[in-house]
Amino acid sequence: MIRAIYPGSFDPVTLGHLDIIKRASQTVDELIVGVLNNSGKTPFFTIDERVSMLEELIKELPNVKAMSFSGLLVDFARETKATIVVRGLRAISDFEYELQMAQTNHKLNPQVDTMFLATSLEYSYLSSTIVKEVAFFNGDIREFVPEPVIKRVREKVREKTGQVM
Ligand code: PNS
């Protein structure tokens, strides 16, 4: 039984994330999408909003669930009895940080190994930061985030800026 965690901020979840979730869920028995609740950072979406958006998107995937976590990823892995961490690699620029994180996590908990999935070509430029930037200036985010997330991002921008869109 292989249980894996796909961790991230998911602020918000993008089509690139969803692609990794779908592909990883076909490779492992159980996939937990671990949403980092980082008290040191002010996210765009609250932790509950991020988890709820993910829950809506994964409802058709029976072996996937979304959970929030705080603190160290390896502790979350221990608590959930997960042995694999899944991360998407978009470009060489991701590699240094991802390798460092994978090696640190393995050092902290040798039972945890990281599995990298190459991001699908059509999403290799995409990030949650880009989505927020484009949305903030009223750009079209339909190619960036799943359908149910488009509305939520637009609402959030409106909430934060008071603008009428
Ligand atoms: O989507 P992100 O923001 O690139 O995800 C980063 C994340 C959540 C995977 C990473 O910051 C993380 O695992 N944070 C938890 C704290 C931790 O375990 N840090 C040590 C790893 S070097």
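Computed from a predicted model, the values in this text were never measured in an experiment.
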Find out whether Tyr6 and Val85 are in side-chain contact, i.e. whether some heavy atom of one side chain is under 4.5 Å from a heavy atom of the other.
no
Only residue of Lys41, Lys132, Lys156 satisfying salt bridge (Lys or Arg N to Asp or Glu O under 4.0 Å) with Asp11 is Lys132
Provide the closest heavy-atom pair for His106 versus Asp113 in the form atom of the first, atom of the second, distance.
ND1-OD1, 3.7 Å
Less than 4.5 Å apart, side chain to side chain, heavy atoms only: is that true for Arg90 and Ser127?
yes
Applying side chain to side chain contact (heavy atoms under 4.5 Å, CB included), run through Leu72 and Leu108 and close with a yes or a no.
CA-CA 10 Å; Leu72 286 178; Leu108 291 172; 4.3 Å; yes
Side-chain contact, heavy-atom cut-off 4.5 Å: Asp140 with Val134?
no
Kindly determine whether Ile21 and Leu61 satisfy side chain to side chain contact (heavy atoms under 4.5 Å, CB included), including the steps that lead there.
CA-CA 9 Å; Ile21 292 171; Leu61 303 171; 4.0 Å; yes
Could you check Phe116 against Thr114 for side chain to side chain contact (heavy atoms under 4.5 Å, CB included), going step by step and ending with a plain yes or no?
CA-CA 6 Å; Phe116 293 110; Thr114 301; 3.7 Å; yes
Could you tell me whether Gln111 atom CD has more than 12 heavy atoms of other residues or ligands within 6.0 Å of it?
no
Is the ring pair His17/Phe10 parallel, tilted or perpendicular, if the boundaries are 30 and 60 degrees?
perpendicular
Should Leu57 and Val149 be marked as a side chain to side chain contact (heavy atoms under 4.5 Å, CB included) after you check the CA-CA gap, both sets of side-chain angles, and the distance that decides it?
CA-CA 9 Å; Leu57 297 170; Val149 178; 4.1 Å; yes
Output yes when Glu56 and Arg152 qualify as a salt bridge under the 4.0 Å nitrogen-oxygen rule, no when they do not.
yes
Would you indicate whether the side-chain heavy atoms of Pro7 and Leu36 approach each other to under 4.5 Å?
no
So do the side chains of Ile32 and Arg3 get within less than 4.5 Å of each other, counting heavy atoms only?
yes
Let me confirm one number: the CZ-CG distance from Arg78 to Asp75, rounded to the nearest 0.5 Å.
5.5 Å
Sub-4.5 Å side-chain heavy-atom contact between Val131 and Phe144:
yes
Is there side-chain contact between Arg154 and Glu159, with at least one heavy-atom pair below 4.5 Å?
no
Is there side-chain contact between Leu31 and Lys65, with at least one heavy-atom pair below 4.5 Å?
no
Atom of Val153, atom of Phe45 and distance for their closest heavy-atom approach
CA-CZ, 3.8 Å
Decide if atom OH of Tyr125 counts as having more than 12 heavy atoms of other residues, nucleotides or ligands within a radius under 6.0 Å.
yes
